[in-house]
S.K.: 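Quick one: the structure is below, and I'll ask about it shortly.
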Amino acid sequence: MININLLEKLCLAFGPSGNEDEVRDIIINEIKDYADNYYTDKVGNLIAYKKGEKIPEKKRLFAAHMDEVGFMITSVGDDGYLKFKNLGSIESTVILGKQATVGEKRFAAVFGGKPVHSLKKEDKNKIRPADDIYLDIGVIKEDKKNKKDDSKISKPVEIGEFAVFKSDFVKFGQNKIKCKSIDDRFGCYILIEMIKSKLLYDSYFAFTICEEIGLRGAKTAGNIIQPDIAVIFEATTAGDIYDKTEKNKICSLGSGAVVSLMDNTAIYDKKLINLALDTAKKNNIKIQIKQAVAGGNESGAYQKSGKGVGVLAISLPTRYIHSPSCIADLTDMQECLKLAFEIEKIL
């Protein structure tokens, strides 16, 4: 069964790209009594090692990224309005009117913009660019008249601080979960459960940084560990949304774990793909093949690291990915977890 409390803790943690400390601390607290060794590398990746009953013929790595899409503050107004830069791929249509958590002090904020009543007629049906949206932290403008040195005026948020979507963790419908950052805190959850379990073979684990802004942590982790095989646990876009013209659903909630053949970062190892499919069939695990060449994940970075690595991605189908309301299915989560444990025994 999925440990809902742990998954909730991971998803609600504050961890945009470049600011994964809170997530890493949660993970360390979970694995410290189970891993044989773990450390944080120079860029912030958490790398762990756990001995199994046997030494494998090939060095194996299981990986997931800690970061979530988010925002970096680029300017701070005296009236509480903040401009920002997206960290990761985020559509402007999912930003306006949403809540956020901002800065080291974790201020509550709202993404704001010109109200619809004030828009010109020709602009009302247009998608607003992110540059027209700001973060409103609701502070009162300071009176500068009595300040001799403007540079000493204290601002609640400084340039370079981070923000993420604010979201609740909600169970609803038929086995559904709604929250931010299911991409890729669920992958982190799988690695934690594997480390806590008895393994058949010695294995390495990498919880990486900055996947959403260029697979940066995986590039470092791959060169440090230099595995022969890497299995990446991810979340991937589900296309089973309401669209009468949509023929290619990419993957669907409720149909099990997703295996990719190719995406924009990697062409996956055929032997590993067949191994995953055969393993799922033998163990009655629901599995589906991703029906599109789209997106990407840190498999591409691992594949090109060291002397080259065979890669396999096992993903959780997720609706409304990179938004504050990602939706996933608990039964799919269970299938991904079962496949992870079975794959570990035969790599």
S.K.: Suppose we screen for side-chain hydrogen bond (donor to acceptor under 3.5 Å, both in side chains). Which residues come up paired with K290, at least two apart in sequence or across chains?
M.R.: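 Partners of K290 under the side-chain hydrogen bond (donor to acceptor under 3.5 Å, both in side chains) test: T236.
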S.K.: Less than 3.5 Å apart, any donor N or O on the side chain of N297 or H65 sitting next to an acceptor on the other?
M.R.: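 Short answer, no.
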S.K.: D41: which residues meet the salt bridge (Lys or Arg N to Asp or Glu O under 4.0 Å) condition with it, sequence neighbours left out?
M.R.: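 Salt bridge (Lys or Arg N to Asp or Glu O under 4.0 Å) check on D41 returns nothing, list empty.
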S.K.: Please say whether more than 12 non-hydrogen atoms of neighbouring residues, nucleotides or ligands are located less than 6.0 Å from CZ in R216.
M.R.: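 At most 12 heavy atoms, drawn from other residues, nucleotides or ligands, come within 6.0 Å of this atom.
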S.K.: Can you confirm whether F169 sits close enough to L7 that some side-chain heavy atom of one is under 4.5 Å from a side-chain heavy atom of the other?
M.R.: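 When only atoms from C-beta onward are counted, L7 and F169 do touch, with a gap below 4.5 Å.
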S.K.: Output the distance between atom OG1 (T279) and atom NZ (K282), rounded to the nearest 0.5 Å.
M.R.: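 Rounded to the nearest 0.5 Å, the OG1-NZ separation comes to 6.5 Å.
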S.K.: Scan side-chain atoms only and decide if S203 and R60 contain a donor-acceptor pair under the 3.5 Å cut-off.
M.R.: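 Judged by distance alone, the side chains do pair up.
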S.K.: Restricting to salt bridge (Lys or Arg N to Asp or Glu O under 4.0 Å), what partner residues turn up for K271, sequence neighbours left out?
M.R.: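 With sequence neighbours excluded, K271 shows a salt bridge (Lys or Arg N to Asp or Glu O under 4.0 Å) to no residue whatsoever.
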S.K.: Would you call K286 and T331 a side-chain contact if the rule is heavy atoms closer than 4.5 Å?
M.R.: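 Sidechains of T331 and K286: no contact.
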S.K.: Please list, chain by chain and in numerical order, all residues satisfying ring pair (Phe, Tyr, Trp, His ring centres under 6.0 Å) with Y320, sequence neighbours excluded.
M.R.: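 For Y320, no residue satisfies ring pair (Phe, Tyr, Trp, His ring centres under 6.0 Å) once neighbours in sequence are set aside.
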S.K.: Report the residue from I190, D263, L316, D184 that forms a side-chain contact (heavy atoms from CB on, under 4.5 Å) with E234.
M.R.: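 It is D184; the other options fail the test.
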S.K.: Hey, could you give me the CD/SG distance between E20 and C188, rounded to the nearest 0.5 Å?
M.R.: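 Between E20 CD and C188 SG, I get 10.0 Å after rounding to 0.5 Å.
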S.K.: If the condition is salt bridge (Lys or Arg N to Asp or Glu O under 4.0 Å), which residues does E104 pass it with, not counting sequence neighbours?
M.R.: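 With neighbours one apart ignored, the set is empty.
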S.K.: How would you list all residue pairs meeting side chain to side chain donor-acceptor pair (under 3.5 Å) that involve residues 80-91, not counting sequence neighbours?
M.R.: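 Residue pairs with at least one partner in residues 80-91: there are none.
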S.K.: Quick one: does E161's side chain get under 4.5 Å of K105's, heavy atoms only?
M.R.: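 A side-chain contact under 4.5 Å is absent here.
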S.K.: Hydrophobic side-chain clustering at under 4.5 Å (ILVMFWY, transitive links): who's grouped with L200? Put none if nobody.
M.R.: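 Under the 4.5 Å side-chain rule, L200 groups with Y201.
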S.K.: In the structure I gave you, are the side-chain heavy atoms of C336 and F186 within less than 4.5 Å of one another anywhere?
M.R.: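 Contact flag for C336/F186 side chains = yes.
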S.K.: Count the heavy atoms belonging to other residues, nucleotides or ligands that lie under 6.0 Å from CG of N284, then report whether that count exceeds 12.
M.R.: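 Counting neighbours around CG of N284, 12 or fewer heavy atoms of other residues, nucleotides or ligands fall under 6.0 Å, so no.
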S.K.: Going by the rule ring pair (Phe, Tyr, Trp, His ring centres under 6.0 Å), which residues pair with Y268 if we only count those two or more places apart in sequence or in a different chain?
M.R.: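 For Y268 there are no ring pair (Phe, Tyr, Trp, His ring centres under 6.0 Å) partners, ignoring immediate neighbours.
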S.K.: Can you tell me if H322 and E212 form a side-chain donor-acceptor pair at under 3.5 Å?
M.R.: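 Their side chains do contain a donor-acceptor pair, which is all the 3.5 Å distance test asks for.
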S.K.: Tell me whether L215 is reachable from F62 by hopping between hydrophobic residues (I, L, V, M, F, W, Y) whose side-chain heavy atoms are closer than 4.5 Å.
M.R.: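 Cluster IDs for F62 and L215 differ.
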S.K.: Would you mind writing out the side-chain donor-acceptor pairs for residues 301-314 within the sub-3.5 Å range, not counting sequence neighbours?
M.R.:
residue: Q303; atom: NE2; partner: I267; partner atom: O; Å: 2.7
residue: S305; atom: OG; partner: Y302; partner atom: O; Å: 2.8

S.K.: Determine, stepwise, if the pair Q288 / S252 fulfils side-chain hydrogen bond (donor to acceptor under 3.5 Å, both in side chains).
M.R.: CA-CA 8 Å; Q288 54 187 313; S252 302; 4.7 Å; no
S.K.: Determine whether L330 and I4 make a side-chain contact, defined as any pair of heavy atoms from C-beta on separated by less than 4.5 Å.
M.R.: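 They are in contact (side-chain heavy atoms under 4.5 Å apart), so the answer is yes.
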S.K.: Is any side-chain heavy atom of L10 closer than 4.5 Å to a side-chain heavy atom of I26?
M.R.: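 Yes - at least one pair of side-chain heavy atoms lies under 4.5 Å apart.
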S.K.: Considering residues at least two apart in sequence or located in another chain, which fulfil the ring pair (Phe, Tyr, Trp, His ring centres under 6.0 Å) criterion with F111?
M.R.: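 Only F71, F84, F165 meet the ring pair (Phe, Tyr, Trp, His ring centres under 6.0 Å) criterion with F111.
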S.K.: So with a 6.0 Å cut-off around NZ of K59, is the heavy-atom count from everything else above 12?
M.R.: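 Yes.
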S.K.: Could you give all pairs that pass the salt bridge (charged side-chain N to carboxylate O under 4.0 Å, His left out) test and reach residues 308-335, with sequence neighbours left out?
M.R.: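 The answer is K176-D329, D240-R319, E335-K338.
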S.K.: Please round to the nearest 0.5 Å and tell me the distance separating atom CZ of F207 and atom CG of D67.
M.R.: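 It comes to 13.5 Å.
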S.K.: How about L61 and I229: do any of their side-chain heavy atoms sit closer than 4.5 Å?
M.R.: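 SC-SC contact between L61 and I229 ruled out.
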S.K.: Any heavy-atom pair between the side chains of D202 and P56 that's under 4.5 Å?
M.R.: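 Yes - at least one pair of side-chain heavy atoms lies under 4.5 Å apart.
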S.K.: State which residues pass salt bridge (Lys or Arg N to Asp or Glu O under 4.0 Å) with E8; sequence neighbours excluded, sorted by chain then number.
M.R.: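 Here no residue qualifies.
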